[in-house]
Q: 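Sharing a structure here in structure tokens format.
Each chain gets a letter, A, B and so on, in the order its sequence line appears, and its residues count up from 1.
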Number of protein chains: 2
Amino acid sequence: MTTITDIANALGITPSTVSRALAGNPRVKEETRVAVEKMAKLLGYERNVVASNLRKGQSHIVGIVIPRIHREFFSNVIGGAERILNQAGYNVLICQTMESVEAEIKALKTLKNYRVAGVLLSHAIDALNGNHVKEILEDTPLVQFDRVFPDLPGAKIVGANCEGAFQATMHLIQAGYKRIGTIAGFMTSQAYIERLAGYRLALESAGLPFDPAIVYENAIVRETGYEAGLKAIDAGCDALYSAGAFSALGATDALKEKGLRIPEDFGVVATSNEGFTSLMSPALSTLNQHPFEMGETAARAFLEGSRETQVIPMELIVRQSSKKQQ
Amino acid sequence: MTTITDIANALGITPSTVSRALAGNPRVKEETRVAVEKMAKLLGYERNVVASNLRKGQSHIVGIVIPRIHREFFSNVIGGAERILNQAGYNVLICQTMESVEAEIKALKTLKNYRVAGVLLSHAIDALNGNHVKEILEDTPLVQFDRVFPDLPGAKIVGANCEGAFQATMHLIQAGYKRIGTIAGFMTSQAYIERLAGYRLALESAGLPFDPAIVYENAIVRETGYEAGLKAIDAGCDALYSAGAFSALGATDALKEKGLRIPEDFGVVATSNEGFTSLMSPALSTLNQHPFEMGETAARAFLEGSRETQVIPMELIVRQSSKKQQ
DNA sequence: TAAAAAAATCCAAACGTTTGCACATTTTCG
DNA sequence: CGAAAATGTGCAAACGTTTGGATTTTTTTA
């Protein structure tokens, strides 16, 4: 492979001048800059980024650490982040933690060893605080998204969980449902706490009672959603706001099994506009979290060196599952 | 950050010995090796992989180039590949081409500049041949998967397209459907050509006529699948084998709209066991391509330096959409 | 036209690791 | 006991780029 020394030799100048010429340094004469660029093209020169990174002490790589890549939400976040970062000349190194803090620690160390320019992180669910992150990353720029450690400084990009849940619940109320339960997720996670708060706020602002008996916690996958659905039927609910789409899917399984018609007898709205929700019958009303935009926003926060918390609004998508004919 | 020189100074030895000790070189005394490792731990040493990569002329990064990360199939392939590669001490740099050859060229150049240890590639749909790949990558190890250039040497991991389509079509025949059409995808891609061949083979081996009038090419997304569905109804079909899941979804839209019952009046089977297919009603029978395994296999092929073509079998998953009550 | 200022280039070290070869020390063996 | 072999370390160069400061060349100014 050709190096800057090859170019320098071919032109009878030194590698330092070639380096500066290629970097657009104003200290080199226009004439020689053109000559260098021409020769570089002629010899098919491509900068050795490894050498460049070593000398400069940092790479043009941004690490993205996420629980799992298969999840539609995260792969969309990555897509958004990558778009912005590529435009800015960065590349993306992706690490999956599989929801394990150990793997998260390993991933962060790896990224640190690569001297990445920054890290975009959505932490594993079993992480209690961000001490390990701070300790490993030290002064490497960090942007957290979706799942964030409140105790860690720096940029945080989160969804409008409370507002979204409020909107979804309010929509059910306005559609005429009377006893609205919620599948609430895990209370160890900030995002789910906020969603529950939004649900409660909507009920109270409409003058409806908040009943802890119809709050179904710790349900997040299809199976536990199914069980929550059965309980909601028994408890006399006629609607559910679910903090997750997969648990809502499980709940509709239960509703169908018990012969309840959606949306006539029972209304359902869920957070997370996963692709399958529009394909269910009846199609599920959801809150779109705009994962692609979340990724873009996180990437921009890194590029701009922002340290702010930014909130990505959620958008209610009304489909059949909540259209009660009054 | 601590370097091997720091360790060397602390122990009164030279960096070269430290380097050898950490690399497990048998030429260093067991005693000093232990001392070095102890000191390394004490000082919190982490190898600077950038410097290491520069010296060794290659990194422990494997590049994965794919059309789009959001597609369930590809994100699962990545998941599988990453699992194997991480185990072997490699990291993964992911590049999306967005189906554009230009972006593919850029991605390959970037990876080459990072001196990646190898590349896993599934090419953009508008690429006609692999000349650009060969030209850029030169002697960097390459493993192609799913979408492969036949003219390029080296390892290729593909699905059992022909066999899968054969199996799916045969299943429809055995279920009692009489006039089976196909949504065939793009004939510029080897995978779709093979699927069509498998479909045809099944018909002929069952003594059924192959009728080009009920082969619907160039349909791959929901919209074009819908149109193909309408045409199939007009052509008197009572079943469809679709080479893609999204086009099958569109076809079922058309069938429902025209009041046909699935599976009683019309059977559907599709390649690609996308997550949504099990959630449709009726649930769609599909061929599971085992994307996670495909990723694992591709990664292993790289690690082993294989140059073979490996075929990942497809598995027929029979759901409601093809269960005719005869 | 000489001195000063500005512009362009060069020199050499540095980034942290790896590695061929040389050197020193110890062990083996006739 | 001395030579040869084996063992363990050290030296120094190399990977390709970047960059502070020195040096040379050109331009400006008195």
Q: Taking atom CD as the centre, does Glu138(B) end up with more than 12 heavy-atom neighbours from other residues, nucleotides or ligands that are less than 6.0 angstrom away?
A: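 Counting neighbours around CD of Glu138(B), more than 12 heavy atoms of other residues, nucleotides or ligands fall under 6.0 Å, so yes.
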
Q: Look at Glu37(A) together with Lys41(A) and state whether they make a salt bridge at an N to O cut-off of under 4.0 Å.
A: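 Lys41(A) and Glu37(A): not salt-bridged.
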
Q: Test of understanding: with ring-ring contact (aromatic ring centres under 6.0 Å, His included), list the residues that count as partners of Phe302(B), not counting sequence neighbours.
A: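 Phe302(B): ring-ring contact (aromatic ring centres under 6.0 Å, His included) contacts with Tyr90(B).
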
Q: Below 4.0 Å from chain A heavy atoms, what is the first contacting nucleotide of DNA chain D and what is the last?
A: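 Endpoints of the contacted stretch of DNA chain D: dG16(D) to dA22(D).
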
Q: side-chain contact (heavy atoms from CB on, under 4.5 Å) with Val133(A): which of Val119(A), Thr140(A), Leu108(A)?
A: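 Of all the options given, the one that passes is Leu108(A).
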
Q: Let me know, please, whether Pro15(A) or Pro26(B) comes out on the 5' side of the other along DNA chain D by nearest nucleotide.
A: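 With Pro15(A) and Pro26(B) compared, the 5'-side residue is Pro26(B).
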
Q: Polar atoms only, N or O, under 3.5 Å: list the protein pairs with nucleotides 21-23 of chain C and their distances.
A:
{"residue": "dC21(C)", "atom": "N4", "partner": "Arg27(B)", "partner atom": "NH2", "Å": "3.0"}
{"residue": "dA22(C)", "atom": "N6", "partner": "Arg27(B)", "partner atom": "NH2", "Å": "3.3"}

Q: Locate the shortest heavy-atom distance separating Ala124(A) from Glu99(A); write the atom from each residue and the value.
A: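 What the structure gives for the nearest pair is CB-C, 3.4 Å.
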
Q: Measure the acute angle between the ring planes of Phe149(A) and His123(A), then classify it against the limits of 30° and 60° as parallel, tilted or perpendicular.
A: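 Parallel, since the angle between the ring planes stays under 30°.
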
Q: What I want to find out is whether Glu135(B) reaches Lys112(B) closely enough, with some N-O distance under 4.0 Å, to be called a salt bridge.
A: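 A salt bridge is absent here (no side-chain N lies under 4.0 Å from a carboxylate O).
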
Q: side-chain hydrogen bond (donor to acceptor under 3.5 Å, both in side chains) with Glu104(B): which of Lys109(B), Gln96(B), His132(B)?
A: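 So, applying the side-chain hydrogen bond (donor to acceptor under 3.5 Å, both in side chains) to Glu104(B) and each of Lys109(B), Gln96(B), His132(B), only His132(B) qualifies.
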
Q: Could you tell me, to 10°, how much the axis swings from one end of the helix from dT1(C)-dA30(D) to dG30(C)-dC1(D) to the other, five pairs per end?
A: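 Terminal axis comparison yields 50°.
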
Q: On a heavy-atom basis, which atom in Pro15(A) and which in Ala8(A) lie closest, and how many Å separate them?
A: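 Closest heavy-atom pair between Pro15(A) and Ala8(A): N-CB, 3.5 Å.
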
Q: For the residue pair Leu93(A) and Val92(B), what are the closest heavy atoms and their distance?
A: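 Looking at all heavy atoms of both residues, the shortest contact is CD1-O, 3.0 Å.
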
Q: Quick one: side chain to side chain donor-acceptor pair (under 3.5 Å) partners of Arg83(B), sequence neighbours excluded?
A: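 Expected list: Glu296(B).
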
Q: Identify, residue by residue, the members of residues 33-61 of chain A with a heavy atom below 4.0 Å from DNA chain C, and return them in order of residue number, or none.
A: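 The answer is Leu54(A), Arg55(A).
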
Q: Verify the contact: side-chain N or O of Ser16(B) to OP1 or OP2 of dT18(C), cut-off strictly under 4.0 Å; return yes or no.
A: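 False: Ser16(B) side-chain N/O out of range (4.0 Å or more) of dT18(C) OP1/OP2.
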
Q: Check this for me: Glu31(A), atom CD, are more than 12 non-hydrogen atoms of other residues, nucleotides or ligands nearer than 6.0 Å?
A: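 No, because the 6.0 Å sphere around CD of Glu31(A) holds 12 heavy atoms or fewer from other groups.
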
Q: In terms of side-chain geometry, is the basic nitrogen of Lys106(A) or Glu102(A) positioned less than 4.0 Å from the acidic oxygen of its partner?
A: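 A salt bridge is absent here (no side-chain N lies under 4.0 Å from a carboxylate O).
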
Q: When you match Thr2(A) and Thr14(B) each to their closest nucleotide on DNA chain D, which lands nearer the 5' end?
A: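 With Thr2(A) and Thr14(B) compared, the 5'-side residue is Thr14(B).
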
